[in-house]
Amino acid sequence: MSITDGQSHFDAVFLQLIKQLNISQKEAVSTLDGPTLVLAGPGTGKTQLIAAKVGKILMDSDTLPKNILCLTFTDAGVNALRNRLVQYIGPEGHKVQVLTFHAFCNQIIQQNRYHFGQNNLEPISDLERIDIIRMILDELPWDNPLKKGYANAHQFEREWQSLIQWMKKENYKVADLIEKIDEYCNQMPSLPEFKYKRKQGTFNVGDLKEGLYQDFLQKYARLREAVRLFDVYEQEKNLRHRYDYEDMILWVLKAFQDKPYFLSLYQEQFLYVLLDEFQDTNGAQFALVQTLLNYWDTPNLFIVGDEDQSIYEFQGARIKHLQDVKDKYGDDLHLVQLKENYRSTQGILNTAFAFIQRNTLTSSLKNQGNVSPQPLIAASALRQIDSTPIVVEYGSIFQEEADLVHSLKNLFKKGVNPGQVAIIFRNNRQGDQLVRLFEKNSIPYHTSRPINILHTPIVFKIRRIIQYLIQEWKETDRGESEFLPLLYHAHWEISMSDIGKLNKIKVTSDLSWHQIMTDETIWGSIGIENSQPLKRAYRFFQDALKQGLNKALPAFLEYIINKSGLLKATLKQKDSILQVQILNTLVNFCEKSVEREPNISVIDWMLMMDRMQDNHLAISLEMPQVSNESVHLLTAHRAKGLEFEYVFMYDCVQSEWEGKSNNTGVFSFPPTLKMEPETDELEASRRLFYVAMTRASQFLQIGFGKENTVGKPRMPTLFISELLEDKLVHFEQRIYPGFFCPHRI
DNA sequence: GACAATGATATTTTT
DNA sequence: TATCATTGTC
């Protein structure tokens, strides 16, 4: 046993955990060696299982924690697993390598900088990437296809950026792509879709549609140019000692493949590899794992995944990787299916199971050995109660909203904790609507949509203050025009009438603000009512002008926040928790900026934020504690991995769930170059719907309104029809004639 | 009824 | 920028 004697407490905890595992979980945990694939449906205790597996490896072999590698996709997944590990096996859990794919590769790059050709590499930031892209675009002549005809030199920066990322993800080479593009351009004039099939005006049958043809030629000329410039981007990025997220995976993969010695270092270290959420692996990540394990015919590989919950296909994830694993290891693969669910009632599980059975592309693994398609079994006796999900049809989306508010208030009255309620929808903008609804009805809510703090009033205020100081540093009185708006900030507590009086003096005299703010005889002559706040404000600016040049940037920022009185005023506000969190995020961002660029000046830092704002880049609010007292508003994607007692699926209409893919901000590709289409969009959507349904532990309502906000009819999503057709749900109509939208007025 | 030209409208997410 | 819906022609 490798766990030391001082850990007897954790041994007991761990043994207890092992005892509690059900039969299939025990089966998955107990086979130590060789590849194991665990099919883990929703709520089957996946994180617990992986933690137990790690504990078992440590207990039954002489493997050290650092020889175990656990890979997932998100930081959230890493945190969840890490916490569980420490809980069960104690401090030793910290030594297990629990990482995201990107963090794993980044660590390897950082540990072996010489291997990767440079010794001062840093991951590129969004802003740096934009800078490089803009610089290259700026240097192009105006008749370049990417600029010709556009006043904005950066017209195609987003498209180009996503093209670069796509090329890296799919590992495409510049020359191959250009060849494919040229091939199609040559074909175009002879293709039927570019010819008139009928006499039209002066054109005869068979004539070339000149306008259409020219449009496409121009489009592909742009694409060709963007592809060609890929190497220029790479060059410039390398010159600056930076690398992309995509590079992290690709570079390590390439190093593993090209340098056997390098690979063997890691093959010797990692004796056990555990992969979580395997259905989300993209091609590069899968190749990386395969390369890492290629030393063994039957590696100690433990994979956990559920093909029905694969919802990141649009990011390159492929379900077929699960089948690939089966094909690769054949009979050596230990296939286990978890059959018990610890989350939901049997009613919900039955409905969800029958629903996902409509997906046919994904069932290849589910009929092998002791694995068979069947509903998950509710593990707890409490979960046996009937709780068939309900589909509700409303007269309009307004009625659905009103009824939602009504239902929630009733639940709260019954004593239900708002934190146990989730509203799940497809697209973020549906959530925005709900935010307004909940605000009006004073329902506590929590939205997971990231907030860009650059757009918050408090950050805006701080930037204005610093902006003024910068002007004054450059030259006294240079900030004149920016001074007055600063006085209006509420935290100084200067009265409106006093500001008005000061401003009147300012515009009717030649006095500078410095003169006005220091001369109390002027204040007396115009009848200032309360001079204290004025003195405080002006003293702050004077002190800040002196202090700013003596302090390091983060300290200066904190100085501004504290001494201006902004923090004190913020603490008094109703939403002070949020506001303070915004301030924290800003300070953290500032510290990070200094880390990246130790010599950054206040001016540079301010310009950086200006540029971020111009480029729609965000400083995302960091929210550490998720309130347990408020209703969760979530997209189906974000709901993954979470569970709630009450789930309302809101606004489930066709246009939201089965909307066609819209590629804005992406270059269009010729048909000779289509991305691998081996995926079925409808099945992908159905999986997403399934993920949303299986978040519910005891109550699930699926709603839709027959009319939209302006009275146009809309269809429920196909998935609702399927549920009704299979008689898997209760159905109810709640149509209130003459009901418009009182709650919106 | 099929084709052609014109006009409104607009994802999901991580590192 | 691309697609769907609508209106306009043959």
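Predicted, not measured: the structure shown is a model, and the values here were computed from it. Every chain is numbered from 1 and lettered A, B, ... according to where its sequence line falls, protein lines coming before strand lines.
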Which whole number of Å gives the distance between the P atom of B:dT11 and that of C:dA5?
16 Å

Can you tell me the distance, in whole Å, between the CD atom of A:Gln110 and the P atom of B:dT15?
18 Å

Nearest nucleotide by nearest heavy atom, which residue falls closer to the 5' end of DNA chain B, A:His102 or A:Ile311?
A:Ile311

To the nearest angstrom, the CG-C1' distance between A:Leu688 and B:dT13 comes to 11 Å

Spacing between A:Lys219 atom NZ and C:dT3 atom C1', to the nearest angstrom:
11 Å

Scan A:Asn106 against the nucleic acid and name what it touches under 4.0 Å (heavy atoms): base, sugar-phosphate only, or nothing.
nothing

For A:Phe104, report the nucleic acid contact type (base, sugar-phosphate, nothing); a contact means any heavy atom under 4.0 Å.
nothing

Which of the following nucleotides, C:dT1, B:dT12, B:dT15, is nearest to the side chain of A:Glu159?
C:dT1

At 4.0 Å (heavy atoms only), tell me whether A:Asp244 reaches a base, stays on the sugar-phosphate, or touches nothing.
nothing

Just how far, in rounded Å, is P of B:dT13 from CG of A:Asp75?
16 Å

Do the side chain of A:Arg638 and the base of B:dT12 come within less than 3.5 angstrom through a donor-acceptor pair of N or O atoms?
no

ring-ring contact (aromatic ring centres under 6.0 Å, His included) partners of A:Tyr233, counting only residues at least two apart
none

Can you tell me the distance, in whole Å, between the CD atom of A:Gln165 and the C1' atom of B:dT15?
10 Å

Full working for salt bridge (charged side-chain N to carboxylate O under 4.0 Å, His left out) between A:Glu595 and A:Lys592
CA-CA 5 Å; A:Glu595 251 169 56; A:Lys592 260 185 256 158; over 6 Å; no

Give a yes/no on whether any side-chain N or O of A:Lys640 is located under 4.0 angstrom from OP1 or OP2 of B:dT12.
no

Taking only side-chain N and O atoms of A:Thr635, does any of them lie within less than 4.0 angstrom of OP1 or OP2 on B:dT13?
yes

Tell me whether the side-chain N/O atoms of A:Arg158 come closer than 4.0 Å to OP1 or OP2 in C:dT1.
no

Side-chain N,O (A:Asn428) to OP1/OP2 (B:dT13) below 4.0 Å
yes

Starting from P on B:dT15, measure out to CH2 on A:Trp251 and report it in whole angstrom.
20 Å

If you measure only the distance, is there a donor-acceptor pair under 3.5 Å linking the side chains of A:Asp138 and A:His154?
yes

For each nucleotide in nucleotides 3-8 of chain B, reading 5' to 3', give B when a protein heavy atom comes within less than 4.0 Å of its base, S when such contact involves only the sugar-phosphate, and - otherwise.
BSS---

Between B:dT15 (P) and A:Ile108 (CD1): distance, integer Å:
18 Å

A:Asp280 CG to B:dT14 P: how many Å, rounded?
11 Å

Please confirm whether the ring centroid of A:Tyr445 lies under 6.0 Å from the ring centroid of A:His632.
no

Pair A:Gln97, A:Gln107 - check side-chain hydrogen bond (donor to acceptor under 3.5 Å, both in side chains), show working.
CA-CA 11 Å; A:Gln97 297 284 303; A:Gln107 186 176 300; 3.3 Å; yes

May I ask you to check whether A:Phe719 and A:Tyr690 place their ring centres under 6.0 Å from each other?
no

Is the ring centre of A:Phe116 less than 6.0 Å from the ring centre of A:Tyr243?
no

Side chain of A:Phe156 (C-beta onward), nearest among B:dT11, C:dA2, C:dT1:
C:dT1

Give a yes or no answer on whether the side chain of A:Asn112 reaches the backbone of A:His115 with a donor-acceptor pair at less than 3.5 Å.
no

Among B:dT15, C:dT1, B:dT13, find the nucleotide with the atom closest to the side chain of A:His637.
B:dT13

